[in-house]
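Both ligands and their constituent atoms are indexed starting at 1 by order of listing.
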Amino acid sequence: MLADSFETIIQRRRSNRRFDPAIAVADEVIERSLKRAILSPNSSNMQLWEFYWIQSPEEKAKFHALCLGQSAAKNTAHLVVFVTRQDLWSQRAKWNLSRIQESLQGKEPGKMEKRGLQYYSKLMPLLYRQDPFGLFTGIRKAMCFFMGIRKPFMRFGGKADQRVTVHKSCALAAQTFMLSIAAEGYESCPMEGFDAVRVKKELGLPSGAEINMIVSVGKGTDEGIWGERFRLPYENVVFKR
Ligand SMILES: Cc1cc2nc3c(=O)[nH]c(=O)nc-3n(C[C@H](O)[C@H](O)[C@H](O)COP(=O)(O)O)c2cc1C
């Protein structure tokens, strides 16, 4: 049963913070897992993400320090830095446009294709465009306010909304990656304990990029599991309406 396999993977994935340095993780495991991560759902298929695979012993040592020396970043077989690239919105919108245009193969666009072309040529610029004076943000916020008076309207105005959007999608990719690592028989730990300024500098990233999380991978140990897995009771967090 597919659901049984999925349950096994979910139960198997734990944040492990002590890896066995003697056991390597083959590159193919990471490659397969990154390919699966790329298939994650993401906002408007804009794919405003990048994945930096840290492999070399020198870089891994640097990243251990950048992750504040925490044990989850020590003795890792690999590290993957999940990065958001909100700044690449125009490039990615054009990429999506070109994919639709290619699929037409010279034919006239149908209803679906027309909608797609409009979506990436008109709506994406409207949602993502920024200017130094915050003019577009002002226009978006005013639009959301007035259009939302009488009927439901997507509230997507300011820079923070855009950041939330790209981080949501990137975190989903990180989750797919970690589940894949569990399915491959290894352990991982997601981390937000790092110096984002220095990580960006180390990776040579521009100001528009942001670090979503860093995931360490290795063969975990029993000592790497910090106790029982407890969660709030189902009734406390699930509300039927
Ligand atoms: C966004 C995010 C950031 C995290 N940052 C860290 C971290 O910096 N260091 C760490 O040891 N664990 C970190 N964790 C792991 C959590 O502590 C862990 O997922 C949680 O305690 C639940 O345990 P489980 O993953 O074993 O189910 C992070 C998890 C998430 C989702």
K.L.:
Is it true that K35 and E31 make a salt bridge, defined as a side-chain N closer than 4.0 Å to a carboxylate O?
P.N.:
yes
K.L.:
Is the closest basic N to carboxylate O distance between E50 and R85 below 4.0 Å?
P.N.:
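A salt bridge is present here (some side-chain N lies under 4.0 Å from a carboxylate O).
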K.L.:
Got a salt bridge between R14 and E228, using NZ or NE/NH1/NH2 to carboxylate O under 4.0 Å?
P.N.:
no
K.L.:
Do ligand 1 and W226 have nitrogen or oxygen atoms that lie under 3.5 Å from each other?
P.N.:
no
K.L.:
Taking S71's backbone N and O only, do any of them form a donor-acceptor pair with R17's side chain (distance below 3.5 Å, no angle check)?
P.N.:
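Judged by distance alone, no pair lies under 3.5 Å.
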K.L.:
Count the heavy atoms belonging to other residues, nucleotides or ligands that lie under 6.0 Å from CZ of F230, then report whether that count exceeds 12.
P.N.:
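No, CZ of F230 has 12 or fewer neighbouring heavy atoms, counting only those of other groups under 6.0 Å.
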K.L.:
Specify the closest pair of heavy atoms between Y128 and S43, including all atoms of both residues, with the distance to one decimal.
P.N.:
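Looks like OH-OG, 4.4 Å.
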K.L.:
Quick check on contacts: which atoms of ligand 1 are under 4.0 angstrom from a heavy atom of R13?
P.N.:
24 (P), 25 (O), 27 (O)
K.L.:
Tell me, which protein residue and heavy-atom name are nearest atom 18 (C) of ligand 1, and how many Å apart are they?
P.N.:
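Result: S15 OG, 3.4 Å.
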K.L.:
Check whether any heavy atom of R231 sits under 4.0 Å from an atom of ligand 1.
P.N.:
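Distance cut 4.0 Å: R231 passes for ligand 1.
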K.L.:
Is there a polar contact, in the sense of an N or O pair closer than 3.5 Å, between C189 and ligand 1?
P.N.:
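Min N/O separation from ligand 1 is not below 3.5 Å for C189.
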K.L.:
Nearest to atom 21 (O) of ligand 1, what protein heavy atom do you find, and at what distance?
P.N.:
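Minimum-distance protein heavy atom for atom 21 (O) of ligand 1 reads R17 NH2, 4.1 Å.
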K.L.:
Provide the number and element of each atom of ligand 1 under 4.0 Å from a heavy atom of R14.
P.N.:
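This gives 24 (P), 26 (O), 27 (O) as the contact atoms.
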K.L.:
Provide the number and element of each atom of ligand 1 under 4.0 Å from a heavy atom of G193.
P.N.:
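So the answer, numbered in order with elements, is 8 (O).
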K.L.:
Return the closest protein heavy atom for atom 5 (N) of ligand 1 as residue, atom name and distance.
P.N.:
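Answer for atom 5 (N) of ligand 1: E192 N, 2.9 Å.
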K.L.:
When you measure from the centre of the six-membered ring of W89, is the NZ or CZ of R129 closer than 6.0 Å and no more than 45° off the axis?
P.N.:
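No cation-pi geometry.
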K.L.:
Looking at ligand 1, does any of its N/O atoms fall within less than 3.5 Å of an N/O of A72?
P.N.:
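Between A72 and ligand 1 (N or O atoms, distance only) the closest approach is not under 3.5 Å.
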K.L.:
Give me the nearest non-hydrogen protein atom to atom 4 (C) of ligand 1 as residue plus atom name, then the distance to 0.1 Å.
P.N.:
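Protein heavy atom at minimum distance: P190 O, 3.4 Å.
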K.L.:
Might you confirm whether atom CD of E108 has over 12 heavy atoms from other residues, nucleotides or ligands at distances under 6.0 Å?
P.N.:
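Not more than 12 within 6.0 Å, no.
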K.L.:
Under a 4.0 Å N-O cut-off, is there an ion pair linking R12 with E187?
P.N.:
yes
K.L.:
As a test of the contact definition, would atom 7 (C) of ligand 1 count as having a protein heavy-atom neighbour under 4.0 Å?
P.N.:
yes
K.L.:
For atom 9 (N) of ligand 1, grab the closest protein heavy atom and report residue, atom and distance to one decimal in Å.
P.N.:
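Ranking protein heavy atoms by distance from atom 9 (N) of ligand 1, first comes Q70 OE1, 2.7 Å.
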